[in-house]
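Small disclaimer: the values here were computed from a predicted structure and weren't measured.
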Amino acid sequence: MTSVLVLNATYEPLSIVSLRRAIVLLLKEKAEVLEAAEERIHAANLSLPYPLVIRLVYYVRVPRRMVVPLSRRTLLARDNYTCQYCGVSASSAELTMDHVLPKVRGGETTWDNVVCACRACNSRKGSKTPEEAHMTLAREPARPQYLAFVVLSSASVHEVWGKYIPQIGQGHPTVLI
Ligand SMILES: [Zn+2]
């Protein structure tokens, strides 16, 4: 229990810091505690809640480098190596990048238009939309949050973080980019 999830003022996940750093932010009144463990921290003549999730009281602009680049590897990681049409789990070699709105029909290679698909589903779908092919997506594709990728590779993930990072709540496995 040494890492603390930091949310932006907007409640968006922003970072993970050490307990020590979190306490400094709290003492300087730069952050507030949103979730705490049952025990308290006693130091000198202070008694503080043991923070699990804190929220900055001011807004931090998210740097551009925190945007997850779209590649075959990051896409497969986002979709948990699972075909988004039939749900089959497969190895990297057996999976393809499918354009939901096909490229030939103007579909772009963006996080919200690509999904992981097995070869069978990809060829069945061809140049149709999911509706035309009578195929249903497991979930709407979206750009993954950078932080979720970092968190998922972190050794200590507190269950309560899932309230603020949907990817954890969805039970995604450990992935690294
Ligand atoms: Zn499939």
With sequence neighbours left out, the residues meeting side chain to side chain donor-acceptor pair (under 3.5 Å) with Ser123 are none

Output for pair (Asn122 CG, Met135 CE), nearest 0.5 Å, gives 8.0 Å

Residues at least two apart in sequence or cross-chain that pass side-chain contact (heavy atoms from CB on, under 4.5 Å) with His42, listed by chain then number, are Arg40, Ser47

The side-chain contact (heavy atoms from CB on, under 4.5 Å) partners of Thr136 (sequence neighbours excluded) come to none

In short, salt bridge (Lys or Arg N to Asp or Glu O under 4.0 Å) pairs touching residues 97-122 with sequence neighbours left out are Asp98-Lys125, Arg105-Glu132

When rounded to the nearest 0.5 Å, the distance separating CD1 of Ile41 from CG of Leu19 is 4.5 Å

Interatomic distance, CZ@Arg21 vs CD1@Ile54, rounded to 0.5 Å, equals 8.5 Å

Residue set satisfying side chain to side chain donor-acceptor pair (under 3.5 Å) with Thr129, at least two apart, ordered chain then number -> Glu131

Arg72 meets the side chain to side chain donor-acceptor pair (under 3.5 Å) criterion, sequence neighbours left out, with Ser92

Next item on the list: Check whether any side-chain heavy atom of Trp161 lies under 4.5 Å from a side-chain heavy atom of Ser3, and answer yes or no.
Entry: yes

Residues at least two apart in sequence or cross-chain that pass side chain to side chain donor-acceptor pair (under 3.5 Å) with Asn113, listed by chain then number, are none

In terms of heavy-atom contacts, Tyr58 and Asn8 come closest through O-OD1, 3.8 Å

Notebook entry, point to check: Side chains of Cys116 and Tyr81: closer than 4.5 Å at any heavy-atom pair?
Noted result: no

Problem set entry | Within-4.5 Å side-chain heavy-atom neighbours: Asp79 and Arg139 | yes

For Pro141 and Arg78, the nearest pair of non-hydrogen atoms, with its separation, is CB-NH2, 3.6 Å

Cys83 meets the side-chain contact (heavy atoms from CB on, under 4.5 Å) criterion, sequence neighbours left out, with Tyr85, Cys86, Val88, Ala117, Cys118, Cys121

Taking a hydrophobic cluster as the set of Ile, Leu, Val, Met, Phe, Trp and Tyr residues connected by side-chain heavy atoms closer than 4.5 Å, whether directly or through intermediates, do Leu70 and Val115 fall within one such cluster? no

* Asked: So, do Ile16 and Val4 sit near enough that their side-chain heavy atoms are less than 4.5 Å apart?
  -> no

Between the OG atom in Ser15 and the CG atom in Leu5, the distance rounded to the nearest 0.5 Å is 8.5 Å

Exercise. Treating Ile, Leu, Val, Met, Phe, Trp and Tyr as nodes and any side-chain heavy-atom pair under 4.5 angstrom as an edge, say whether Val17 and Leu14 lie in one connected cluster.
Key: yes

- Identify whether Tyr59 and Leu56 are in the same connected component of the hydrophobic contact network (ILVMFWY, side-chain heavy atoms under 4.5 Å). no

Do Glu12 and Leu7 have side chains that get closer than 4.5 Å, going by heavy atoms? no

Taking the side chain as C-beta and beyond, is there a heavy-atom pair between Thr82 and Gln84 under 4.5 Å? yes

Would you be so kind as to tabulate the donor-acceptor pairs closer than 3.5 Å made by side chains of residues 22-36, with sequence neighbours excluded?
{"residue": "Glu32", "atom": "OE2", "partner": "Arg55", "partner atom": "NH1", "Å": "2.8"}
{"residue": "Glu35", "atom": "OE2", "partner": "Lys163", "partner atom": "NZ", "Å": "2.6"}
{"residue": "Glu35", "atom": "OE2", "partner": "Tyr164", "partner atom": "OH", "Å": "2.6"}

Open item on the list: Are the side chains of Leu137 and Val100 in contact, using a 4.5 Å heavy-atom criterion?
Closed with: yes

